[in-house]
Amino acid sequence: MGRVRFDAITWERLGDLLADRLLDLKPADGGLWPRVAFDGAPAAHPGDLAARVSEALRIRGRSSLVVGTEGFLRPASLRFEYGHEDVEAYYNGWFDTPALWREVFGPLEVGGTGRVLPDLWDPTTDRATRSPYVQLRPGALLLMQGPLLLKNWFPFDLSVHVLLSPSALRRRTPENEHWTLPAYERYETETAPANTADVLVRADDPRHPAWNG
């Protein structure tokens with residue numbers, strides 16, 4: 001990452017400013033539903049920011065749907081085929097990318113139905129969630145949150161990366177999940193989300209975020 005200026009901000013103000021920015025967001029493909037990424041390791045809690053922005057949009061009269069990639073994990077038999085701590089499997093095989101294309105992004109393409117499945121698989125029960133489809137009205141925003149999002153060529157119209165320094169990532173990741181850290185090192189090398197995301201949020205201190213405006 002090159003030299004980026006970060007300005008201190010509160011989470012509440014950040015949610016408001018992002019919501020204001022998203023009000024004018026238009027899909028690059030000419031479709032009806034803007035698609036926004038909230039990318040970050042679990043320790044960075046990108047889902048919290050996505051939820052905050054969704055609420056700020058609601059107050060502004062704009063509907064949105066938050067979809068978390070944790071609801072599109074593959075079955076345990078596939079995730080753990082090579083062991084419970086296989087970094088390559090975590091990086092490329094834990095999340096059901098074809099299902100995300102089919103059930104989330106496909107319906108939001110030009111000419112799509114706007115009928116999205118919010119989740120598919122419950123990792124706790126290791127069974128299908130059987131959640132009902134959600135019909136997005138024209139203009140509603142998809143807010144997708146989760147890790148490693150920007151390496152999959154998903155058609156996001158705007159991307160937000162919640163950034164943690166390597167030391168903060170290690171400190172805030174539970175010890176039993178430290179085996180995943182090499183996957184994020186690889187992500188930084190191969191995808192460079194801090195260079196490719198439209199908006200950067202530094203969250204080393206969860207009480208005092210900063211962003212690049």
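Among residues two or more places apart in sequence or in another chain, the ring-ring contact (aromatic ring centres under 6.0 Å, His included) test is passed with W94 by F80, Y90, W179.
R172 places a side-chain N or O within donor-acceptor distance of the main-chain N or O of A43, the cut-off being under 3.5 Å. With H178 contributing its side chain and R170 its backbone, the two residues share a donor-acceptor pair below 3.5 Å. Distance alone, capped at 3.5 Å, is enough to place a donor-acceptor pair between the R60 side chain and the A56 backbone. At least one donor-acceptor pair under 3.5 Å links the side chain of W33 to the backbone N or O of R137.
Between T129 and D122, the shortest heavy-atom contact is CG2-N, 3.5 Å. The two residues L73 and W121 have their closest heavy-atom pair at O-CB, 3.3 Å. When all heavy atoms of R62 and G139 are compared, the closest pair comes out as NE-O, 2.7 Å. Minimum heavy-atom separation, P193 to E188: CG-OE2, 3.8 Å. Summarising the geometry of D204 relative to L164, their closest heavy-atom pair is OD1-CA, 3.3 Å, with the distance given to 0.1 Å.
Using a 3.5 Å distance cut-off with no hydrogens or angles, the side chains of D198 and S159 do pair a donor with an acceptor.
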Side-chain atoms of residues 149-157: list all donor-acceptor pairs with protein atoms under 3.5 Å, sequence neighbours left out, distances to 0.1 Å.
{"unit_1": "K151", "atom_1": "NZ", "unit_2": "Y91", "atom_2": "O", "d": "3.0"}
{"unit_1": "K151", "atom_1": "NZ", "unit_2": "N92", "atom_2": "OD1", "d": "3.3"}
{"unit_1": "N152", "atom_1": "ND2", "unit_2": "L148", "atom_2": "O", "d": "3.4"}
{"unit_1": "D157", "atom_1": "OD1", "unit_2": "A28", "atom_2": "N", "d": "2.7"}
{"unit_1": "D157", "atom_1": "OD1", "unit_2": "R35", "atom_2": "NH2", "d": "3.2"}
{"unit_1": "D157", "atom_1": "OD2", "unit_2": "R35", "atom_2": "N", "d": "2.9"}
{"unit_1": "D157", "atom_1": "OD2", "unit_2": "R35", "atom_2": "NE", "d": "3.1"}
{"unit_1": "D157", "atom_1": "OD2", "unit_2": "R35", "atom_2": "NH2", "d": "3.3"}

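Rounded to the nearest 0.5 Å, atoms CG (L18) and CG (D20) are 9.0 Å apart. Separating the CH2 atom in W211 from the CG atom in L163 is a distance of 15.0 Å, to the nearest 0.5 Å.
Salt-bridge check for E55 with R52: failed, with every basic side-chain N at 4.0 Å or more from each acidic carboxylate O.
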